[in-house]
Asker: 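This is the structure I have questions about; it appears just below.
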There are 2 protein chains.
Amino acid sequence: MKTGRVGAGAPTIDDVARLAGVSESTVSRALRSSRPVSEELRLRVLEAAQTLGYSPNPHAQALARSEDAAIGVVVHDSSDPYFVEILRGMLGPAEVGGRMVLVCDTQRRPDREFQYVRHFRSQRVQALLLAGSGFEDREFGARMTAEIQAFERAGGRVALIGRHHILGDSVRPDNEGGAYEMARALTDLGHRRIGVISGPASLTTTHDRLTGLQRGLNEAGIELPDRHVVVGDFTRDGGIKGLSQLLEAAPDLTAVLSLNDVMAIGALHEARRRGIAVPADLSIAGFDDIPVAADVWPPLSTVRVPMAEMGARAVELALGPRPTHVQIVRLPTEVILRKSTAPCRLSRPSSVPVSRAGPRPGARRLTSA
Amino acid sequence: MKTGRVGAGAPTIDDVARLAGVSESTVSRALRSSRPVSEELRLRVLEAAQTLGYSPNPHAQALARSEDAAIGVVVHDSSDPYFVEILRGMLGPAEVGGRMVLVCDTQRRPDREFQYVRHFRSQRVQALLLAGSGFEDREFGARMTAEIQAFERAGGRVALIGRHHILGDSVRPDNEGGAYEMARALTDLGHRRIGVISGPASLTTTHDRLTGLQRGLNEAGIELPDRHVVVGDFTRDGGIKGLSQLLEAAPDLTAVLSLNDVMAIGALHEARRRGIAVPADLSIAGFDDIPVAADVWPPLSTVRVPMAEMGARAVELALGPRPTHVQIVRLPTEVILRKSTAPCRLSRPSSVPVSRAGPRPGARRLTSA
DNA sequence: TTGTAGGCGTTATCAG
DNA sequence: CTGATAACGCCTACAA
């Protein structure tokens with residue numbers, strides 16, 4: 001027996017039923033157009049709902065059908081342009097059908113990530129999107145795998161972005177290949193003393209980019225001594241500090257690669273502050289190709305990661321038909337040379353040609369993978 | 001009688017109760033620490049919950065107490081740095097107590113805004129934050145006011161950012177004052193032929209900034225003919241097109257003010273493409289002072305809007321004690337002169353001193369309001 | 001301090 | 001095709 005009291009002020013299905021002179025079930029069916037309802041009643045119901053301004057309570061719906069018409073997105077840092085782009089890519093495909101997209105921010109802390117995933121699970125979202133690098137911590141990966149498999153057994157869908165130690169469908173940019181190509185690009189320009197502003201060691205992204213870079217440098221017979229690598233935190237400030245530390249430890253660097261653009265922009269800023277001309281005195285390159293990379297000065301050479309596409313593909317993965325096997329979508333990355341890098345002035349003419357692609361207006365591109 | 005079946009796979013309060021050998025109510029009380037529970041039972045419950053990996057179903061909670069421990073945020077464009085900053089400001093204060101923050105994106109379409117607000121309302125979020133300019137459409141304002149008042153009557157809280165034709169607590173940046181100050185700054189530099197890349201006419205933000213600008217120019221005895229104003233859409237592309245149109249209609253402009261930074265950055269790009277030196281040939285200024293404004297080239301002169309603070313204050317408004325009267329928090333804006341603006345070369349020495357503040361490293365500041 | 005018995009708004013099942 | 005009725009998982013008087 002419904003009390004009929006107005007509760008939180010919103011009309012309920014019961015109110016509509018009463019006004020239309022039908023049962024709750026009929027209202028539900030008419031509105032959700034699941035089962036056939038006579039044209040006459042349907043119209044009555046529609047009109048009643050209209051005049052009452054009725055809209056269903058999502059919680060009650062979610063509870064009753066134990067599934068929420070929403071999709072949960074977990075990002076490491078929602079103010080990082082990298083994630084903003086991924087999110088942008090997700091929004092279109094995710095919002096079809098009036099689905100809500102719920103975003104939360106973990107500040108790169110595994111415990112928070114775990115909490116949010118659990119929250120989304122108990123909230124019974126349709127799909128869960130983990131956008132952001134995985135953690136190297138395998139024990140954490142195991143815990144998350146368990147959580148996620150439970151979610152999937154219950155009918156939920158999951159898609160990961162990046163390389164995780166978590167079992168599940170994923171879309172992965174070719175970080176390793178992109179870093180390799182960037183290493184080649186830098187050495188082709190004649191650079192031999194190259195510094196790196198790295199990211200948190202706990203992230204697989206950091207690991208992969210570093211690995212690719214190493215491989216590229218090794219092939220060119222170049223060492224990467226420890227003092228040429230500093231750890232940043234993927235923020236602009238991290239880039240500022242990173243370049244400072246680097247120049248202290250190794251003042252003779254001719255090129256610096258930052259493992260993301262945001263830090264590279266910080267480095268650009270610090271270089272200017274110190275009166276170091278980029279690229280004349282020092283080449284600086286980034287990673288990601290976030291939208292502003294082309295607008296800073298000098299325009300940033302970087303490795304393009306298809307962030308928006310990654311987001312869109314992840315949504316497709318999570319919303320498409322359930323695959324029988326774990327799927328991995330691999331996306332290529334691409335070196336984009338703008339003006340923050342230049343041939344090394346100090347270098348004796350390199351045996352390798354400086355340019356491997358024909359000159360094109362604006363930027364030269366070297367696709368990876 | 002609970003079936004005890006595992007439902008969607010997640011343990012329920014019932015499972016915990018059984019394992020701990022107590023009643024559901026005791027579990028609820030122990031976990032939500034509302035009422036006193038004997039230490040012994042509380043421990044048993046906690047342990048049972050722990051081993052089961054129990055986490056409450058938010059929908060059931062929301063349904064039972066008809067209130068959701070979440071706060072809904074409506075933004076116009078989640079990839080616009082302006083909103084990213086506002087969001088960043090909200091996150092800290094909003095997330096205390098494990099609250100979820102749900103963000104949705106309206107693409108500046110009033111109908112979607114209305115839909116989302118209604119959705120959040122029926123979802124019974126604790127608070128609703130409308131972040132973004134209001135619409136000039138008063139009829140829309142009336143509809144939203146009704147919706148929002150219903151929400152508030154039901155116990156919800158609302159905070160608006162910007163000037164809306166909606167009744168409710170709000171935090172408002174001094175757009176009008178900032179634009180006025182920027183007009184003064186530009187005329188002080190000797191500029192008399194000033195172009196404007198405006199925003200969508202439907203937004204109050206556009207209106208206010210334009211008004212302040214007009215007032216400033218009028219005071220300096222300067223006209224703003226129609227052909228000196230083009231309408232942009234607050235995107236980078238809009239800025240590119242905007243500058244093109246402007247230069248076609250009035251090639252003799254010496255300064256251009258874009259009504260947001262994102263468009264100004266587009267304009268900077270277009271100027272470079274055309275071989276126009278900024279600021280030597282043309283001064284360009286923006287509005288907002290988004291984080292990258294200082295990193296583009298040349299560093300952008302702009303009107304600083306305290307976006308993050310706006311976000312934080314809005315959260316305070318919405319989460320703090322319910323005020324008896326409508327509250328309006330007014331936040332000052334501030335002109336920041338960097339290198340994208342310079343004295344007008346063509347100008348005969350102006351009677352007004354070029355600089356009104358002492359020179360300072362990096363930027364000069366003129367606070368509004 | 002603890003347990004029992006609704007109720008929150010909707011959907012699904014099962015008779016009519 | 002329509003209408004009762006029982007879940008869905010949790011909370012909260014009320015009773016013990």
Asker: Could you state the CD1-P distance from B/I13 to C/dG7, rounded to the nearest angstrom?
Answerer: 19 Å
Asker: Can you tell me whether the side chain of B/S25 and the base of C/dT4 have a donor-acceptor pair closer than 3.5 Å?
Answerer: yes
Asker: Rounded to whole angstrom units, what separation is found between the CG atom of A/D68 and the C1' atom of C/dT11?
Answerer: 15 Å
Asker: Regarding B/E136 and B/R163, does a basic nitrogen lie under 4.0 Å from an acidic carboxylate oxygen?
Answerer: yes
Asker: Let's see if you can work this out: which of C/dT10, D/dG9, D/dC11 has an atom nearest to the side-chain heavy atoms of B/T12?
Answerer: D/dG9
Asker: Near DNA chain D, which residues from residues 55-65 of chain A have a heavy atom under 4.0 Å away?
Answerer: A/L63, A/A64
Asker: Contact class for B/V37 vs. all strands (heavy atom < 4.0 Å): base, sugar-phosphate, or nothing?
Answerer: sugar-phosphate
Asker: When the side chains of residues 308-323 of chain B are checked against the rest of the protein, which donor-acceptor pairs come out under 3.5 Å, sequence neighbours left out?
Answerer:
unit_1, atom_1, unit_2, atom_2, d
B/E309, OE2, B/R313, NH1, 3.2
B/R322, NH2, B/G155, O, 3.2

Asker: D/dG9 base to A/R124 side chain: any donor-acceptor pair below 3.5 Å?
Answerer: no
Asker: Atom CG of A/D14 to atom P of C/dC8: distance rounded to whole Å?
Answerer: 10 Å
Asker: Taking CG from A/D15 and P from C/dC8, how many angstroms apart are they, rounded to a whole number?
Answerer: 11 Å
Asker: Please check if any side-chain donor atom of A/Q126 sits under 3.5 Å from a side-chain acceptor atom of A/R99, or the reverse.
Answerer: yes
Asker: Indicate yes or no: does B/E147 engage B/R143 in a salt bridge with an N to O separation below 4.0 Å.
Answerer: no
Asker: Please name the residue in the list B/E113, B/H164, B/H165 that meets the side chain to side chain contact (heavy atoms under 4.5 Å, CB included) test with B/F140.
Answerer: B/E113
Asker: When the distance from CZ of A/R18 to P of C/dT10 is rounded to whole Å, what number comes out?
Answerer: 12 Å
Asker: Which one, D/dT2, D/dG9, C/dT10, comes nearest to the side chain of A/S38?
Answerer: D/dT2
Asker: Would you mind reading off the distance between A/E67 atom CD and D/dG9 atom P, rounded to a whole angstrom?
Answerer: 14 Å
Asker: Any side-chain N or O of A/T26 less than 4.0 Å from the OP1 or OP2 oxygen of D/dG3?
Answerer: yes
Asker: Quick one: which of A/V74, A/T106, A/V73 gives a side chain to side chain contact (heavy atoms under 4.5 Å, CB included) with A/L130?
Answerer: A/V74
Asker: Side chain of A/S23 only, please: which of D/dC10, D/dA4, C/dG3 is the nearest?
Answerer: D/dA4
Asker: Please report the distance, rounded to the nearest Å, between CD in B/E24 and P in D/dC8.
Answerer: 12 Å
Asker: Specify the separation, in whole Å, of atom CD of B/E39 and atom P of C/dT2.
Answerer: 10 Å
Asker: Between D/dC10, C/dG3, C/dT11, which one does the side chain of B/R29 approach most closely?
Answerer: C/dG3
Asker: Out of D/dC10, C/dT10, C/dG3, which nucleotide sits closest to the side chain of B/Y54?
Answerer: D/dC10
Asker: Can you name the residues that form a ring-ring contact (aromatic ring centres under 6.0 Å, His included) with B/F83, not counting sequence neighbours?
Answerer: B/H76
Asker: Quick one: do A/L19 and A/V16 satisfy side chain to side chain contact (heavy atoms under 4.5 Å, CB included)? Show the steps, please.
Answerer: CA-CA 5 Å; A/L19 182 62; A/V16 180; 5.9 Å; no
Asker: So does A/S28 reach the base of C/dA12 with its side chain, donor to acceptor, closer than 3.5 Å?
Answerer: no
